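In what follows, a single structure is set out as structure tokens and then discussed.
Just the heavy atoms: all of them, side chains too, but no hydrogens, waters or symmetry mates, feed the values below. In this text, all values refer to a predicted model and were calculated from it rather than measured experimentally.
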Amino acid sequence: MRGNSDSSEDMNVSLDGAQAADIKQWTEENSQTTLQRTYMNNLVMNYLVTEGFKEAAEKFAVEAGVTAPMDLSLMDERIRIRSAIQAGSIQEAMRMVTTLHPEILDDNSELYFHLQQLVLLELIREGRVEEAVIYAQEHLAERGASDPNVRQQLERTLALLAFPQPLSSPFADLLHPSHRQKVASELNAAILKAENFEETSPLLSELLKLLLWAQQKLLDVDVTFPVMTDLVSATLALPALPSANNK
């Protein structure tokens, strides 16, 4: 006589098989949807130009026969500023921004704080503790006292000083290159806005945000469908089915 555990295992196998079949059917049906190559090429070009990948945009324009939406030589300043941030030369990037568009940092206090926070993070990364404390007191303390959101971010940043190895601390994400990249993209969008560029963030990013929003809306009303759980690998999975005890 088979126990309950054996029956549960059989049920799990059946459910897994059904889910795999549903995902396969979903994938096959979606694969029948065709998108014009011109649309896809323009989407890629928009991403390259908006994010400041000049060399890649030039090569893609030749290979795909796509016309860039702007004079690519106009990207040079944005590229230099982004490169400076990614290299950790934050104050140099701020000087270049002020020269290019003096109003950007004056009009965007949140962006200005994020850049100053990067300066503080670089001092912490280099182990210049005393300079980091002085910089925080002179440039960020007053803003943190009046803005709860800034205070919270500043506290997370200064908490790194409590750890002998900041990169092994719970706040190590602030020292990861992806954090620099995030601020670089924020500044890049501000520059595009100042230059009256129609899109300040890649259309591809907006489409992915729309995808995640639409998926959540469907899940909120208990629609069962293959959910994209990983945007990078385009991994699909069906939401967990309610257990028998919850029925």
Working to the nearest 0.5 Å, report the span between [atom1] of [X] and [atom2] of [Y].
{"X": "K182", "Y": "L118", "atom1": "NZ", "atom2": "CG", "value": "11.0 Å"}
{"X": "I81", "Y": "L100", "atom1": "CD1", "atom2": "CG", "value": "5.0 Å"}
{"X": "Q153", "Y": "D147", "atom1": "CD", "atom2": "CG", "value": "8.5 Å"}
{"X": "Q215", "Y": "L219", "atom1": "CD", "atom2": "CG", "value": "7.0 Å"}
{"X": "E186", "Y": "I191", "atom1": "CD", "atom2": "CD1", "value": "11.5 Å"}
{"X": "S89", "Y": "M94", "atom1": "OG", "atom2": "CE", "value": "13.0 Å"}

Heavy-atom neighbours of [X] [atom1] exceed 12 at 6.0 Å:
{"X": "Y112", "atom1": "OH", "answer": "no"}
{"X": "F60", "atom1": "CZ", "answer": "yes"}
{"X": "Q165", "atom1": "CD", "answer": "no"}
{"X": "E103", "atom1": "CD", "answer": "yes"}
{"X": "E55", "atom1": "CD", "answer": "no"}

If hydrophobic clusters are built by linking Ile, Leu, Val, Met, Phe, Trp and Tyr wherever their side-chain heavy atoms come under 4.5 Å apart, do [X] and [Y] end up in the same one?
{"X": "L167", "Y": "L120", "answer": "yes"}
{"X": "L140", "Y": "V129", "answer": "yes"}
{"X": "V44", "Y": "L192", "answer": "yes"}
{"X": "V97", "Y": "I79", "answer": "no"}

Taking NZ, NE, NH1 and NH2 as the nitrogens, is one of them in R143 or E110 under 4.0 Å from a carboxylate oxygen of the other?
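Salt bridge between R143 and E110, a charged N being under 4.0 Å from a carboxylate O: no.
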Sidechain N-carboxylate O distance under 4.0 Å for K59, E63
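Looking at K59 and E63, the cut-off is not met.
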Residues two or more places apart in sequence or in another chain: which of them pass ring-ring contact (aromatic ring centres under 6.0 Å, His included) with H139?
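Only Y135 meet the ring-ring contact (aromatic ring centres under 6.0 Å, His included) criterion with H139.
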Is it true that H176 and Q181 share a donor-acceptor pair across their side chains at a distance under 3.5 Å?
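No, because no side-chain N or O of Q181 sits under 3.5 Å from a partner of the opposite role on H176.
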Measure across [X] and [Y] and return the closest heavy-atom pair with its distance rounded to 0.1 Å.
{"X": "I124", "Y": "A132", "answer": "CG1-CB, 4.0 Å"}
{"X": "A57", "Y": "V49", "answer": "CB-CG2, 4.3 Å"}
{"X": "A93", "Y": "A84", "answer": "CB-CB, 3.9 Å"}
{"X": "M45", "Y": "T67", "answer": "CG-O, 4.5 Å"}
{"X": "D106", "Y": "P102", "answer": "OD2-O, 3.4 Å"}
{"X": "L175", "Y": "R125", "answer": "O-NH1, 3.0 Å"}

Is any side-chain heavy atom of [X] closer than 4.5 Å to a side-chain heavy atom of [Y]?
{"X": "K54", "Y": "L48", "answer": "no"}
{"X": "L187", "Y": "N108", "answer": "no"}
{"X": "L207", "Y": "L43", "answer": "yes"}
{"X": "L121", "Y": "H179", "answer": "yes"}
{"X": "Q116", "Y": "L105", "answer": "no"}
{"X": "V133", "Y": "L161", "answer": "yes"}
{"X": "V62", "Y": "E58", "answer": "no"}
{"X": "V150", "Y": "Q117", "answer": "no"}

State which residues pass salt bridge (charged side-chain N to carboxylate O under 4.0 Å, His left out) with [X]; sequence neighbours excluded, sorted by chain then number.
{"X": "D173", "answer": "R156"}
{"X": "E142", "answer": "none"}
{"X": "R80", "answer": "E77"}
{"X": "R82", "answer": "E51"}

Counting N and O atoms only, with roles assigned by atom type, does the side chain of R128 sit under 3.5 Å from a partner on the main chain of L123, one being a donor and the other an acceptor?
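Not at all, since once roles are kept as given, no pair shorter than 3.5 Å links the two residues.
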Has the side chain of N188 got a donor or acceptor atom that lies under 3.5 Å from a matching backbone atom of T50?
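Yes, N188 side chain to T50 backbone: donor-acceptor pair under 3.5 Å.
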Which other residues belong to the hydrophobic cluster containing W213, where Ile, Leu, Val, Met, Phe, Trp and Tyr are joined when side-chain heavy atoms lie under 4.5 Å apart, directly or via other members?
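Its cluster mates, by chain and number, are L210.
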Please evaluate residues L115 and I85 with respect to the criterion side chain to side chain contact (heavy atoms under 4.5 Å, CB included), reporting the C-alpha separation (whole Å), side-chain torsions for both, the decisive distance (0.1 Å), and the verdict.
CA-CA 9 Å; L115 289 167; I85 292 178; 4.0 Å; yes
